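The structure presented is a predicted model; accordingly, all values stated were derived computationally and were not measured.
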Amino acid sequence: IDKKGEKIIFYDSNTGKALFQAPQGRSMKDFLEESKSHGWPSFRDEEVLWDNGVRCLKNGEAVSLDGTHLGHNLPDRSGNRYCINLVCVAGNPAEGK
C-alpha cells in the first residue's frame, strides 16, 4: 500500500515489475467489492501500468511482456475488466524499484 494507504501496487510474481495500481478512479471499497464478487482482483484500464509491460492479446488473455500469464480481459457494461490471477501479481518489488 502506498504511503497514504490509498492504493495497492501489484507486482509481477516472476520479475517484480509493478503491473497494476488500484484503486484509480474509484474507491478502495468499490475495488475490493468488485474483486470479491468475481473471486479475483479485477482491474480497470486506468489501473493497468501499461508502460511496465502489461498487454492484452486478441483472445482476451492478459500477459506481461516478460511472459507471465496474468489472467483475462472480461469486459462488462463499465468497460474493460482485467480479471487477474492473484498468484501472478503477488510478487515483491524488483530490487532498485
Starting at [atom1] of [X], measure out to [atom2] of [Y] and round the result to the nearest 0.5 Å.
X: L65; Y: D12; atom1: CG; atom2: CG; value: 10.5 Å
X: C56; Y: D45; atom1: SG; atom2: CG; value: 9.0 Å
X: H38; Y: E33; atom1: NE2; atom2: CD; value: 11.0 Å

Write down the atom of [X], the atom of [Y], and the distance for their closest heavy-atom approach.
X: F10; Y: A22; value: CE1-CB, 4.5 Å
X: F43; Y: I84; value: CD1-CG1, 3.6 Å
X: L74; Y: C83; value: CD1-SG, 3.8 Å
X: S42; Y: S35; value: N-OG, 3.0 Å
X: V48; Y: F20; value: CG2-CE2, 3.7 Å
X: L70; Y: L19; value: CD2-CD1, 3.8 Å

Consider only side-chain heavy atoms of I, L, V, M, F, W and Y, link residues closer than 4.5 Å, and tell whether L32 and V89 are in one cluster.
->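 Hydrophobic grouping puts L32 with V89.
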
Is the distance between the ring centroids of Y82 and W50 less than 6.0 Å?
-> yes

Sort out for me which residue in R55, H72, H69 forms a side chain to side chain donor-acceptor pair (under 3.5 Å) with E61.
-> H69

Any salt bridge linking [X] with [Y]? Criterion: basic side-chain nitrogen under 4.0 Å from a carboxylate oxygen.
X: E34; Y: R44; result: yes
X: R81; Y: D76; result: yes
X: K7; Y: E47; result: no

Between the main-chain N or O of [Y] and the side-chain N or O of [X], is there a donor-acceptor pair closer than 3.5 Å?
X: S13; Y: A90; answer: no
X: N85; Y: C88; answer: no
X: N80; Y: P75; answer: no

Side-chain contact test, heavy atoms from C-beta onward, threshold under 4.5 Å: evaluate it for T68 versus V63 and give yes or no.
-> no

Beyond-backbone contact of K17 with D66, side-chain heavy atoms, under 4.5 angstrom =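 A side-chain contact exists here, since the closest heavy-atom pair is under 4.5 Å.
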
